[in-house]
Amino acid sequence: MAMAAAEAQPRHEKVRKFEEFVDRRLKPDLAKAIAQRDEVFKQQKTFLDLKRNIENLERNGVTSMRSMINLGSEVYMQAEVPDTRHIFVDIGLGFHVEFTWQEALQFISVREARLARQIDEYTHIIADIKAQIKLVCEGIRELLQLPAEKDLSPRNTW
């Protein structure tokens, strides 16, 4: 009996260390990678909206317009744009570049491709972290000598 308790102690210590590794390292890394991917999704949506707006301006031949601009804290001001053929695009790091519609569309297509690559990279990172978590959980299961989880694949019901 004392022999079994002596063997169980190091096993429980290993299980605790694995659980601590999952909770303190892998789960925060997973949350961070998901948040970073979500941020890239937001940027992708912003550029998609800009592209759609530019295409609408081109299609409708709009060369000037009036708009309501949010100054912050839901305070709006009426603005007049005398020439819409040139727009300023945020290219990152707080810099804005004046583009024609066609130049902006070219820049957006390049940026969208880069954002798509970033999303793929974050998706692979997320999948790797999830695989590591599953691997550690499987190791814990084996240390505790628990039966393997049943496969939850769909069954034929006819």
Side-chain angles (χ1 to χ4, degrees), residues 15-142 146 148-158:
V15 168
R16 187 190 62 75
K17 285 183 180 180
F18 283 143
E19 288 175 343
E20 187 176 300
F21 177 68
V22 169
D23 290 338
R24 291 193 178 172
R25 178 64 192 258
L26 295 178
K27 286 183 179 178
D29 286 352
L30 179 62
K32 181 181 174 187
I34 289 171
Q36 289 172 329
R37 184 180 66 176
D38 289 346
E39 189 61 36
V40 177
F41 275 131
K42 286 179 189 175
Q43 291 177 15
Q44 187 181 43
K45 184 189 178 316
T46 300
F47 280 104
L48 182 63
D49 291 344
L50 178 60
K51 180 179 179 179
R52 192 176 306 126
N53 287 337
I54 292 170
E55 289 169 348
N56 284 337
L57 288 172
E58 277 185 325
R59 188 175 332 125
N60 296 325
V62 177
T63 57
S64 65
M65 64 187 284
R66 295 183 86 145
S67 179
M68 296 295 284
I69 305 297
N70 187 351
L71 299 176
S73 299
E74 299 304 315
V75 175
Y76 290 86
M77 178 180 165
Q78 193 169 33
E80 185 173 334
V81 181
D83 183 13
T84 61
R85 293 176 296 194
H86 290 87
I87 60 171
F88 286 89
V89 178
D90 181 0
I91 60 167
L93 299 175
F95 290 99
H96 294 77
V97 174
E98 183 177 2
F99 287 125
T100 64
W101 290 340
Q102 289 305 313
E103 291 169 342
L105 289 173
Q106 289 172 349
F107 173 77
I108 291 169
S109 66
V110 169
R111 192 68 171 274
E112 283 178 331
R114 193 182 110 228
L115 292 173
R117 283 193 306 274
Q118 283 182 314
I119 289 170
D120 286 344
E121 288 171 12
Y122 282 123
T123 301
H124 288 297
I125 290 169
I126 290 167
D128 288 344
I129 294 171
K130 285 181 177 180
Q132 289 174 355
I133 290 172
K134 188 167 179 81
L135 181 68
V136 171
C137 288
E138 185 66 20
I140 291 171
R141 185 195 61 75
E142 286 182 13
L146 297 174
E149 292 182 8
K150 294 181 180 177
D151 185 22
L152 299 176
S153 59
R155 299 180 192 168
N156 294 334
T157 56
W158 63 87

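Counting begins at 1 with the first residue of the sequence.
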Please name the pair of heavy atoms, one in [X] and one in [Y], separated by the smallest distance, quoted to 0.1 Å.
{"X": "Val62", "Y": "Trp101", "answer": "O-CH2, 3.2 Å"}
{"X": "Ile87", "Y": "Ala104", "answer": "CD1-CB, 3.8 Å"}
{"X": "His96", "Y": "Gly94", "answer": "ND1-O, 3.6 Å"}
{"X": "Ile91", "Y": "Arg111", "answer": "O-NH1, 3.6 Å"}
{"X": "Pro82", "Y": "Ser64", "answer": "O-CB, 3.3 Å"}
{"X": "Ile119", "Y": "Arg37", "answer": "O-CD, 4.1 Å"}

If you define the side chain from C-beta out and look only at heavy atoms, does anything of [X] sit under 4.5 Å from [Y]?
{"X": "Phe95", "Y": "Val97", "value": "no"}
{"X": "Lys45", "Y": "Phe47", "value": "no"}
{"X": "Gln118", "Y": "Leu115", "value": "yes"}
{"X": "His86", "Y": "Thr100", "value": "yes"}
{"X": "Glu103", "Y": "Glu98", "value": "no"}
{"X": "Thr46", "Y": "Asp90", "value": "no"}
{"X": "Lys51", "Y": "Leu105", "value": "yes"}

Task: Worked check of salt bridge (charged side-chain N to carboxylate O under 4.0 Å, His left out) between Glu55 and Arg52 - done: CA-CA 5 Å; Glu55 289 169 348; Arg52 192 176 306 126; over 6 Å; no
Task: Neighbour count above 12 (heavy atom, 6.0 Å) for Arg25 CZ - done: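 No, not enclosed.
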Open item on the list: Other residues, nucleotides and ligands only: do more than 12 of their heavy atoms fall within 6.0 Å of CE on Met77?
Closed with: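 No, because the 6.0 Å sphere around CE of Met77 holds 12 heavy atoms or fewer from other groups.
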Calculate, to the nearest 0.5 Å, the distance between atoms [atom1] and [atom2] belonging to [X] and [Y] respectively.
{"X": "Asp49", "Y": "Ile54", "atom1": "CG", "atom2": "CD1", "answer": "11.0 Å"}
{"X": "Cys137", "Y": "Gln132", "atom1": "SG", "atom2": "CD", "answer": "12.0 Å"}
{"X": "Leu26", "Y": "Lys130", "atom1": "CG", "atom2": "NZ", "answer": "13.0 Å"}
{"X": "Ser67", "Y": "Glu80", "atom1": "OG", "atom2": "CD", "answer": "11.0 Å"}

TODO: Could you walk me through whether Asp29 and Lys32 pass salt bridge (charged side-chain N to carboxylate O under 4.0 Å, His left out), step by step?
DONE: CA-CA 5 Å; Asp29 286 352; Lys32 181 181 174 187; over 6 Å; no
Open item on the list: The test is side-chain contact (heavy atoms from CB on, under 4.5 Å); show your working for Gln106 and Val110 and say whether it passes.
Closed with: CA-CA 6 Å; Gln106 289 172 349; Val110 169; 5.8 Å; no
TODO: Run the salt-bridge test on Arg16 and Glu20 with the 4.0 Å N-O cut-off and return the result as yes or no.
DONE: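 Answer for the salt bridge query: yes.
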Open item on the list: Quick check on side-chain contact (heavy atoms from CB on, under 4.5 Å): which of Ile129, Ile125, Val22, Asp128 does Leu30 satisfy it with?
Closed with: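 One option only clears the test, and that one is Ile129.
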